[in-house]
Amino acid sequence: MNGSVSAVLDSLTPAGDISLRSVNGSVTAVLPPRFDGSVSFETINGKITSGFPVSASGPVNPRRMFGTVGTGGARRVELSTVNGSVSLIKHS
């Protein structure tokens with residue numbers, strides 16, 4: 001609830017969603033460079049950044065974004081916070 005959340009994943013299983021949330025802190029997910037899935041980013045007081053190209057679905061908003069990375073698919077990544085930034089980073 002209070003504090004930043006981060007996860008670094010070197011590999012992904014064939015299925016499974018990723019959900020990282022905080023209220024007062026930034027949220028960061030570092031995923032393998034070959035990631036395909038749908039993404040959801042949300043913040044009230046912060047910025048959204050992505051190291052992956054995201055094809056946005058719906059209106060583009062600096063505080064909320066939904067879209068697809070790569071070919072999309074069943075995997076879903078949700079990153080959200082109230083006070084902080086959300087970042088999706090491509091693992092090098």
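If you're wondering where the values come from, they're calculated on a predicted model, not measured in any experiment.
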Are [X] and [Y] in one and the same hydrophobic cluster, where Ile, Leu, Val, Met, Phe, Trp and Tyr link if side-chain heavy atoms are under 4.5 Å apart?
X	Y	value
V54	V30	no
I48	V23	no
V86	I18	yes
V5	V77	yes
F52	V27	yes

message = Taking atom CZ as the centre, does R63 end up with more than 12 heavy-atom neighbours from other residues, nucleotides or ligands that are less than 6.0 angstrom away?
response = yes
Under the 3.5 angstrom rule, does the side chain of [X] hit a backbone N or O of [Y] as a donor-acceptor pair?
X	Y	result
N83	N45	no
T81	G25	yes
D36	T71	yes
S40	E78	no

Using every non-hydrogen atom in the two residues, find where [X] and [Y] come nearest and quote the distance to one decimal.
X	Y	value
S22	G3	OG-O, 2.6 Å
L20	T28	CD1-O, 3.6 Å
D10	H91	OD1-NE2, 3.0 Å

Any side-chain heavy-atom pair of [X] and [Y] under 4.5 Å:
X	Y	result
E42	L79	no
F66	V39	no
I89	L31	no
F35	R75	yes
S19	R21	yes

query = If we ignore angles and hydrogens, is there a donor and acceptor under 3.5 Å between the side chains of T49 and S87?
reply = yes
Interatomic distance, F41 atom CZ to S50 atom OG [nearest 0.5 angstrom] = 4.5 Å
